[in-house]
Asker: 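One structure follows; several queries about it will come next.
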Amino acid sequence: MTKLVVDGREIDVPPEYTLLQACEAAGAEIPRFCYHERLSIAGNCRMCLVELVGSPKPVASCAWAARDCRPGPKGEPPEVKTRSPMVRKAREGVMEFLLINHPLDCPICDQGGECDLQDQSMAYGIDSSRFVENKRAVEDKYLGALVKTSMNRCIQCTRCVRFITEVAGVPELGAIGRGEDMEITSYLETALHSELQGNIVDICPVGALTSKPYAFTARPWELNKTESIDVMDALGSAIRIDTRGSEVMRILPRTNDDINEEWISDKTRHVVDGLRTQRLDQPYVREHGKLRPATWTEAFKAVAAKLAQTNPKRMGAMVGDLAAVEEIFALKDLLTRLGVSNLDCRQDGSALDPAWGRATYLFNATIAGIDAADALLIVGSNPRKEAAILNARIRKRWRTGRFPIGLIGAKADLTYPYDYLGAGPETLADITRHSFADNLRKAERPMVLVGAGAFARADGGALASLAAKAAIDLGAVKGGWNGYCVLHNAASRVGALDLGFVPGRGALSARQMAAYGTLDLLFLLGVDEIEIPRGAFVVYIGTHGDRGASRADVVLPGAAYPEKSAIYVNTEGRVQMATRASFPPGDAREDWAILRALSDILKHRLPYDSLSELRQALFKAHPHMMRIGQIAPGDPADIEKLAERGGTVEKAPFGAGIVDYYLTNAIARCSAVMAECSAIAGGRTNMTAAE
Amino acid sequence: MSVRRLAEKQPASFAFTPENLEWAKAKIAQYPEGRQQSAVIPILWRAQEQCGGWLPQKAIEATAELLGMANIRVLEIATFYTMFNLAPVGRYHVQLCGTTPCMLRGAEDLKKVCERMIGREGEVTADGAFSWIEVECLGACVNAPMVQINADYYEDLTPESFTQIINDLSAGRTPKPGPQVDRVNSAPIGGPTTLTDPAIYAKVIPDGELPPAVTDEDGKKPGAAANVHQSPTPRSPIGDATDRRRD
């Protein structure tokens with residue numbers, strides 16, 4: 001530890017701390033633009049200047065280590081001043097220089113009201129400018145569908161360049177030219193290809209990079225901010241939903257070091273316009289082959305009429321990827337009362353079974369555990385597409401060094417190098433004899449990351465057993481460390497598996513339910529990823545007019561994730577509660593309330609009249625759901641049991657998983673922004689120059 | 001300095017010649033494993049030579065490919081250093097120094113010569129022979145004003161001598177590089193002005209009597225001073241005038 005005196009207060013900080021961190025630890029506020037605690041140090045904005053007693057000039061505190069400070073003449077600890085006249089003058093000078101070429105267009109700038117430069121020039125700048133010459137003009141750059149540029153405003157902090165290179169791992173941004181003519185651009189103004197590019201808008205301290213879809217739609221001070229949880233992937237990233245009235249205007253990340261640090265993926269952020277389009281805002285009933293708008297009563301009666309003439313054995317229900325725990329619980333409750341056991345939450349056809357134990361389907365090592373892991377084997381997964389934030393976490397761990405990564409499955413650009421071991425299960429079966437296995441065996445905390453998509457095949461059960469066996473043989477499951485990690489790609493999946501929303505004994509699985517002629521009545525709770533054949537009477541509860549709704553015979557409009565308070569369980573098994581930020585459109589209702597109302601008509605009334613009563617019943621049945629923000633860890637012994645199950649595995653290689661990152665669910669498919677991103681990512685657009 | 005962009009008209013392809021590729025590989029091999037990127041400037045320079053004095057987009061991409069770098073990283077370097085030309089230049093590319101010493105000694109007049117004989121700055125003559133740009137200090141201020149044409153410096157220019165050089169070049173002759181007046185390198189014009197007294201050179205040492213005072217080897221031997229440690233730790237600096245310490 002190093003002793004420092006900051007503004008007369010003595011503190012002890014680790015020697016590797018920078019002066020800026022030390023000053024913050026001492027409670028002093030240091031203005032900064034280029035410094036960002038999750039990026040490398042650039043030291044080029046000079047806003048963080050402080051006075052280091054004994055140094056003739058002010059020093060940039062972000063780039064000066066505490067251990068590099070010299071002691072005073074009599075050996076007293078180095079002294080830093082952050083409020084001296086010298087510092088004040090230095091800050092004013094730096095701010096004046098920064099503003100020389102910065103346009104005074106705050107009134108038309110989207111960053112206005114949440115701009116670091118605005119705030120800091122108020123706090124640390126001087127009241128007027130002495131600069132009368134012309135300001136520099138810079139051409140705006142095209143960076144794709146998500147990031148709008150206004151390059152006159154750029155102060156060249158290079159945060160965006162460092163983020164894209166270091167965190168996102170897609171080095172496409174750079175600073176060309178030099179001096180006054182330095183410009184931030186992508187190579188020849190091609191669109192960015194990172195799934196995390198939206199974050200450069202957040203880290204831009206000025207209005208140079210702003211959100212293109214959100215451009216000129218709202219001001220930060222007219223928005224209501226609601227802290228919630230994302231459902232676009234299975235990570236449950238912490239988000240803030242900004243609404244104006246009942247309309248969701250934008251989604252921003254919140255800091256949660258356990259999951260998303262302070263980043264979110266582009267789908268999480270920019271799916272917003274999908275929440276407005278193609279919404280189901282009233283019930284529909286199919287008549288003469290066409291869906292016609294109906295009232296709730298009509299719709300319920302149609303369901304009741306069908307139900308009355310159907311045998312429970314010919315009824316079934318599936319749960320989609322975005323459903324919350326409450327409605328899954330209510331649906332299961334209702335169907336159990338009706339005597340239906342054809343339930344499935346695995347519309348991808350996965351073989352994961354809650355009967356194997358919770359540890360067999362969780363990301364046991366936890367997302368933060370990636371930082372502690374020292375070797376990684378990825379099996380049948382493309383984390384970059386399935387969970388972009390998690391991939392950034394893996395990359396972050398890889399950047400710190402000594403982190404061998406192996407991949408079994410489809411080759412892909414994961415933004416970090418890996419040893420490609422093979423394409424299919426036979427490589428996994430032989431993994432212990434592979435030279436890469438030594439890396440895992442030698443490691444103290446090896447991780448085996450298995451994509452949930454890998455189990456979505458006929459031999460999925462045997463594959464899961466094989467993966468568990470590999471994890472145990474490689475030493476990934478041992479005392480104090482459970483490195484067997486299943487990476488899900490649906491937000492609802494772990495919650496639904498926890499509730500046991502899988503077929504009962506002898507009942508039909510999702511694949512079988514989706515086969516022709518197996519069912520007469522099928523309830524779909526937001527199920528859009530599976531083709532339902534003709535024949536069955538389909539009741540669809542969901543939010544968007546996607547595949548499920550167009551197949552349905554009765555459509556019951558539900559609430560999308562910003563429109564309900566709901567519990568989600570992420571891939572780690574972490575229980576999180578999302579908060580309601582707006583209201584469902586038109587006649588749409590919260591899904592649990594729909595099921596409660598339907599149960600009344602079906603004469604099997606669910607015994608809860610409010611969400612809190614429902615939650616009480618839920619907590620009683622599944623106590624771990626009560627512990628919001630926490631993980632009820634799985635039992636490692638379950639993984640050993642799974643490894644012993646065995647089974648025959650086919651030779652077919654693992655699939656590529658998610659084909660189009662931008663269009664994985666109904667909300668994203670209804671978003672024009674996501675469609676444009678998908679077109680750019682797929683190379684289906686010629687638009688590369690500035691529009 | 002101004003905003004630098006790649007030229008609008010670009011050749012369709014670029015490939016290093018076998019000799020250049022071999023040279024580039026040797027260059028890369030000079031750096032430790034994982035540090036191949038350090039060779040980027042020499043290789044870009046070689047690519048520029050191969051392309052006749054400028055860097056096309058494909059050459060930048062080929063260099064990036066060769067070094068395993070992102071295209072943008074190489075573009076950053078190519079746009080940062082003004083020695084990389086991003087648009088075609090003439091066979092004779094004149095870089096005219098316009099920084100203060102040269103300007104005071106008549107660089108403005110040379111600029112007029114360029115404009116008259118070659119054309120506008122940055123444009124190539126119709127026959128592809130000449131182009132010119134104004135550059136910042138080329139470090140030959142003693143011989144101001146000066147220009148650099150391809151690899152050679154032409155110094156102590158007047159509009160007349162500069163015109164003559166351009167005429168010579170366009171006629172296929174090879175003008176003498178260096179100062180265009182009566183002087184050697186940057187020695188005084190018209191011969192030495194000091195140390196001219198022959199008496200100071202009077203004492204002639206016969207060959208072979210004394211060894212040279214310093215040989216090339218001496219620089220490599222550790223001198224006495226290298227082994228002397230003054231004190232194990234540096235003293236703290238003297239605080240102010242009241243500090244009366246003595247050694």
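A, B, ... follow the sequence lines: proteins, then strands. Residue 1 opens every chain. Heavy-atom basis, side chains included; hydrogens, waters and symmetry copies ignored.
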Asker: What part of L6(B) lies closer than 4.5 angstrom to a heavy atom of chain A: side chain, backbone, both or neither?
Answerer: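 For L6(B), the contact with chain A is made by the side chain alone.
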Asker: One thing to verify: whether E183(A) and R5(B) come together as a salt bridge, which I'm taking to mean a side-chain N less than 4.0 angstrom from a carboxylate O.
Answerer: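 Salt bridge between R5(B) and E183(A), a charged N being under 4.0 Å from a carboxylate O: yes.
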Asker: Tell me whether Q30(B) at atom CD has more than 12 heavy atoms from other residues, nucleotides or ligands lying less than 6.0 Å away.
Answerer: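 More than 12 within 6.0 Å, yes.
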Asker: Distance-only, no hydrogens or angles: does the R4(B) side chain make a donor-acceptor pair with backbone N or O of G177(A) under 3.5 Å?
Answerer: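 Between the backbone of G177(A) and the side chain of R4(B) there is no qualifying donor-acceptor contact (under 3.5 Å).
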Asker: Report the C-alpha separation of E76(B) and T185(A) in whole Å, then their side-chain angles, then the decisive distance to 0.1 Å, and conclude whether the side-chain contact (heavy atoms from CB on, under 4.5 Å) test is met.
Answerer: CA-CA 10 Å; E76(B) 282 177 332; T185(A) 181; over 6 Å; no
Asker: How long is the span from the OG atom in S186(A) to the CG atom in L75(B), to the nearest 0.5 Å?
Answerer: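 It is 10.0 Å, given to the nearest 0.5 Å.
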Asker: Just verifying a value: how many Å separate F80(B) CZ and M182(A) CE, rounded to the nearest 0.5 Å?
Answerer: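 CE of M182(A) is found 9.5 Å from CZ of F80(B).
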Asker: Atom CZ of residue position F97(A) - does it have more than 12 heavy atoms of other residues, nucleotides or ligands inside 6.0 Å?
Answerer: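 No, not enclosed.
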Asker: Please step through side-chain contact (heavy atoms from CB on, under 4.5 Å) for the pair R73(B) and Y187(A), ending with a clear verdict.
Answerer: CA-CA 9 Å; R73(B) 292 282 99 82; Y187(A) 185 67; over 6 Å; no
Asker: Around atom CD of E22(B), are there more than 12 heavy atoms of other residues, nucleotides or ligands at under 6.0 Å?
Answerer: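 Count not over threshold, so no.
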Asker: Would you find a donor on one side and an acceptor on the other, under 3.5 Å apart, between the side chain of T79(B) and the backbone of I176(A)?
Answerer: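 No; zero donor-acceptor contacts below 3.5 Å.
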Asker: If you draw a 6.0 Å radius around CG in N134(A), do more than 12 non-hydrogen atoms from other residues or ligands fall strictly inside?
Answerer: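 Open.
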Asker: Above 12 or not: heavy atoms from other molecules or residues under 6.0 Å from NZ of K135(A)?
Answerer: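 Buried by this count: over 12 neighbours within 6.0 Å.
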Asker: Counting only non-hydrogen atoms closer than 4.5 Å, does V161(A) touch chain B with its backbone (N, CA, C, O), its side chain (CB onward), both, or neither?
Answerer: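 For V161(A), the contact with chain B is made by the side chain alone.
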Asker: More than 12 foreign heavy atoms under 6.0 Å from OH of Y81(B): is that the case here?
Answerer: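 No.
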Asker: If you draw a 6.0 Å radius around CZ in R105(B), do more than 12 non-hydrogen atoms from other residues or ligands fall strictly inside?
Answerer: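 No, the 6.0 Å shell around CZ holds no more than 12 heavy atoms from other groups.
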Asker: State, to 0.1 Å, how close P171(A) and A70(B) come at their nearest heavy-atom pair, and which atoms those are.
Answerer: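 Heavy-atom minimum between the residues: O-CB, 3.4 Å.
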Asker: Might you confirm whether atom CH2 of W54(B) has over 12 heavy atoms from other residues, nucleotides or ligands at distances under 6.0 Å?
Answerer: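 Yes - once you tally the heavy atoms of other residues, nucleotides and ligands closer than 6.0 Å, there are more than 12.
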Asker: Distance from I72(B) atom CD1 to I164(A) atom CD1, nearest 0.5 Å?
Answerer: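 Interatomic distance, I72(B) CD1 to I164(A) CD1, rounded to 0.5 Å: 11.5 Å.
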